[in-house]
Amino acid sequence: MEKREIDLAVSCYGKVKDVKYDAVILPWGATEPHNLHLPYLTDCILPHDIAVDAATLALERSGVRCMVMPPVPFGAHNPGQRELPFCIHTRYATQQAILEDIVASLYAQGMRKLIIVSGHGGNNFKGMIRDLAFSYPDFLIIATDWFSLVPTKGYFEAEIDDHAGEQETSVMMHYHPELVNLNEAGDGDSKPFAISSLNEKVGWAPRHWDKATVDSGVGNPKKASAEKGERYVKPIIEKLAKLFTEVGQGELY
């Protein structure tokens, strides 16, 4: 199998024009600072690379063929993030318009199954998918977050690990050690809400990033390692490969 058959970022028309695809995978990230040591596009790079590994596994095990699209780099952010250099906040209305255009294009090409693999906690596609289900009743859209598929307990040591911490840093070190400058990382110190009910998730409000963080990270990445990242991402790839296979082979009901 050639990677160009399942990864559109490196593919070409000659490789795909005569191939039947069972599902399309859309990594969706954001453009934002990740502490001081990770790339702005961390939330794009990781879901893409994980999706390619999962698509490879699904094809090898079951023959289900998925095409992994290039990641969408536009995510929604909190107050206090948009003011940081080169952080690009995208409204949900804008994200919905992008998703609608992608779905319309794929639909015209005969595709009927799309799985969004999100790498950014600020993204939420449920409402968008519900709306599109009325416009495209025979087009299945599923959304998942790679970072929430497997609990971090037992894999990492940090008690707080929410953004650019030990989890994300370790997985990035596994895939792209050349993009991680761990010696430049901040401690990821963060400040909780003064309202305890918000910390206990009784209610929700967006965190003001300039008040909640010091270096834009939440969680100390200093104990991250490529070995931890490889161990952690393996069951995630397994779960996604199973999802890709089941969606590619079957119907929703």
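- Note that the NZ atom of Lys20 and the CE atom of Met111 stand 9.5 Å from one another [nearest 0.5 Å].
- The two atoms that bring Glu83 and Pro79 nearest to each other are OE1-C, 4.3 Å, heavy atoms only.
- Across Cys44 and Pro73, no two heavy atoms sit closer than the pair SG-CA, 3.5 Å.
- Within a 6.0 Å radius of CD in Glu178, more than 12 heavy atoms belonging to other residues, nucleotides or ligands are found.
- Ring-centre distance between Phe125 and Trp28: below the 6.0 Å cut-off.
- Using a cut-off of 4.0 Å between Lys/Arg side-chain N and Asp/Glu carboxylate O, Glu238 and Arg61 are scored as salt-bridged.
- Atom CG in Asp43 sits 14.5 Å away from atom NE2 in His48 (nearest 0.5 Å).
- For the pair Phe147 and Ile236, the minimum side-chain heavy-atom distance is 4.5 Å or more.
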- Message: For Leu57 and Asp53: C-alpha separation, side-chain torsions, deciding distance, then whether side chain to side chain contact (heavy atoms under 4.5 Å, CB included) applies.
- Response: CA-CA 6 Å; Leu57 189 59; Asp53 280 351; over 6 Å; no

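- Leu149 approaches Asp145 most closely through the heavy-atom pair CG-O, 3.4 Å.
- Residues Val64 and Gly248 approach most closely at CG1-CA, 4.0 Å, considering heavy atoms.
- Taking a 6.0 Å sphere around CD1 of Ile160, one finds it holds 12 or fewer heavy atoms contributed by other residues, nucleotides or ligands.
- Atoms CG and CD, from Leu252 and Glu246 in turn, are 11.5 Å apart once rounded to the nearest 0.5 Å.
- Glu32 and His77 share a side-chain donor-acceptor pair at under 3.5 Å.
- The nearest pair of heavy atoms linking Arg4 to Met67 is O-CE, 4.2 Å.
- Salt bridge status for Glu166 with Lys222: absent, with no side-chain N to carboxylate O gap under 4.0 Å.
- Aromatic pair His163/Trp209: centroids less than 6.0 angstrom apart.
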- Could you walk me through whether Leu114 and Leu106 pass the side chain to side chain contact (heavy atoms under 4.5 Å, CB included) check? CA-CA 9 Å; Leu114 175 69; Leu106 295 175; 4.1 Å; yes

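- At most 12 heavy atoms of other shown residues, nucleotides or ligands fall within 6.0 angstrom of atom CD1 in Ile195.
- Here Pro33 pairs with Tyr40, Leu84, Cys87, Ser216 under the side chain to side chain contact (heavy atoms under 4.5 Å, CB included) rule; sequence neighbours left out.
- For the pair Arg207 and Phe193, the NZ or CZ position fails the cation-pi test of under 6.0 Å to the six-membered ring centre and within 45 degrees of the ring normal.
- The closest side-chain heavy-atom distance from Asn35 to Pro221 is below 4.5 Å.
- In this pair, Tyr155 and Tyr232 present their aromatic rings perpendicular. The plane angle is above 60°, beyond the 30 to 60° band.
- A salt bridge is absent between Lys15 and Glu5: the closest approach of a Lys/Arg side-chain nitrogen to an acidic carboxylate oxygen does not fall below 4.0 angstrom.
- No more than 12 heavy atoms of other residues, nucleotides or ligands shown are found within 6.0 angstrom of CZ on Arg82.
- Other residues, nucleotides and ligands contribute at most 12 non-hydrogen atoms within 6.0 Å of the CD atom of Glu251.
- Atom CZ of Phe156 is separated from atom CD of Gln167 by 5.5 Å, given to the nearest 0.5 angstrom.
- Using a 4.0 Å cut-off between a side-chain N of Lys or Arg and a carboxylate O of Asp or Glu, Asp22 and Lys113 do not qualify as a salt bridge.
- With contacts defined as side-chain heavy-atom distances shorter than 4.5 Å, the pair Val103/Leu99 qualifies.
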- Step-by-step side chain to side chain contact (heavy atoms under 4.5 Å, CB included) determination, Ile142 to Ile116: CA-CA 6 Å; Ile142 294 172; Ile116 301 170; over 6 Å; no

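- Side-chain contact check for Asp131 and Tyr136: no donor-acceptor pair (N or O, by modelled atom type) lies under 3.5 Å.
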- Task: Quick one: do Asp189 and Asp215 satisfy side chain to side chain contact (heavy atoms under 4.5 Å, CB included)? Show the steps, please.
- Result: CA-CA 8 Å; Asp189 291 335; Asp215 47 34; 5.9 Å; no

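- Atom OG1 of Thr245 sits about 11.0 Å away from atom CD of Glu60, to the nearest 0.5 Å.
- Ser118 approaches Asn123 most closely through the heavy-atom pair OG-ND2, 3.5 Å.
- The distance from the NZ atom of Lys223 to the CG atom of Asp161 is 12.5 Å, given to the nearest 0.5 Å.
- Annotation: side chain of Leu240 is in contact with side chain of Thr144 (closest heavy-atom distance under 4.5 Å).
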